[in-house]
Amino acid sequence: MKIATFNINGVKARIGALTDWLNESQPDVAVLQEIKSVDEAFPREHFEDLGYRVETHGQKGFNGVAIFSKLPLEDVTRGLPGDESDEQARWIEATVMGDTPVRVCGLYLPNGNPAPGPKYDYKLAWMERLKARAEALLAEEQPALMCGDYNIIPQAEDAKRPEAWTEDALYRMESRESYRRILNLGFTEAFRATTHGDGHYSFWDYQAGAWDRNDGIRIDHFLLTPQCADLLNSCWIEAEVRGRERPSDHVPVWVDLAA
DNA sequence: ATGTCTCATAATATGAGA
């Protein structure tokens, strides 16, 4: 089972690029962030015609997440538990019914800039809720993963210029510590389980020729429960997508699971 | 450090968010 996470930065702006990518790369499951569409306006039928079941959790203008799957989906839920007053669409879950069922959680973690400030407080509070959901997932002792745009640069090797990010919400120590507390509950970060060293990025800013200079950061991650990590065959970043026509600023990150 | 992009509103430009 091949699962890709991809922050598409707007489904309306990306419908062509997203269609081409799905047809060429053929993920079994595509977990999308920043659809920037309400559910009613999402081009669901277009993607169903490509062979995907389509589940969305959108909102007007910003954010929004989705799961596309060629395999049946069960028990779809929307919204990260823990704050009924939170109206931002950043979390969706579904069980993908392959040979081995896998609980797939798609997330778009708050950016948090400027830090410090109310947006950063929201990021940290959201991560506390994520930790609670992560603990519950682990307690089930089943194959499950949480993937998406974490807006977290885990280590210096995950940025071309780490010194430029020290005060940024994506890299400040408080952010990284919160991320590590979740990871250290017992998750496997799929990319670093299989690839070491620097120069591996999943996001390049549109500004200042960042792609041309490979001035990137790695902020799109897969966290696997132990039962899911046992199924991990490989994990890779499809960086080439960033060089296409009218690209997102993120690229797909993949896992292949024996599921 | 910023040389950009997307979306919403509606001042067919501008602000917000990233």
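From a predicted model like this one, the values you see are computed outputs, not experimental measurements. Letters A, B, ... mirror the listed sequences (proteins, then strands); counts begin at 1.
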Partner of E93(A) by side-chain hydrogen bond (donor to acceptor under 3.5 Å, both in side chains), out of H57(A), R78(A), R133(A):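 For E93(A), the side-chain hydrogen bond (donor to acceptor under 3.5 Å, both in side chains) test succeeds with only one of H57(A), R78(A), R133(A), which is R133(A).
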
Within 45° cone and under 6.0 Å: R172(A) NZ/CZ vs Y120(A) ring: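 Yes; both conditions hold, so R172(A) lies above the ring face of Y120(A).
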
Joint hydrophobic cluster, F222(A) plus F68(A), side-chain heavy atoms closer than 4.5 Å: yes

Shared hydrophobic cluster for L50(A) and V54(A) (ILVMFWY, side-chain gaps under 4.5 Å):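 Linked, L50(A) and V54(A) end up in one cluster.
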
Figure out the [atom1]/[atom2] separation between [X] and [N], and round it to whole Å.
| X | N | atom1 | atom2 | result |
| --- | --- | --- | --- | --- |
| N151(A) | dG17(B) | CG | C1' | 11 Å |
| K119(A) | dG17(B) | NZ | P | 4 Å |
| D215(A) | dA1(B) | CG | P | 12 Å |
| F42(A) | dC7(B) | CZ | P | 12 Å |
| K123(A) | dA18(B) | NZ | C1' | 11 Å |
| H250(A) | dA18(B) | NE2 | C1' | 8 Å |

Closest-nucleotide ordering on DNA chain B, the 5'-leading residue of R161(A) and Q88(A): R161(A)

Please produce a list of atom pairs where a protein N or O lies less than 3.5 Å from an N or O of nucleotides 4-6 of chain B.
unit_1	atom_1	unit_2	atom_2	d
dT4(B)	O4'	Y206(A)	O	3.2
dT6(B)	OP1	R14(A)	NH1	3.0
dT6(B)	OP1	R14(A)	NH2	3.3
dT6(B)	OP2	R246(A)	NH2	3.3

W21(A) ring center near F6(A) ring center (under 6.0 Å):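 Centroid distance W21(A)-F6(A): below 6.0 Å, so yes.
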
Non-neighbouring partners of Y150(A) that pass ring-ring contact (aromatic ring centres under 6.0 Å, His included), sequence neighbours left out: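 Applying ring-ring contact (aromatic ring centres under 6.0 Å, His included) to Y150(A) gives Y179(A), H221(A).
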
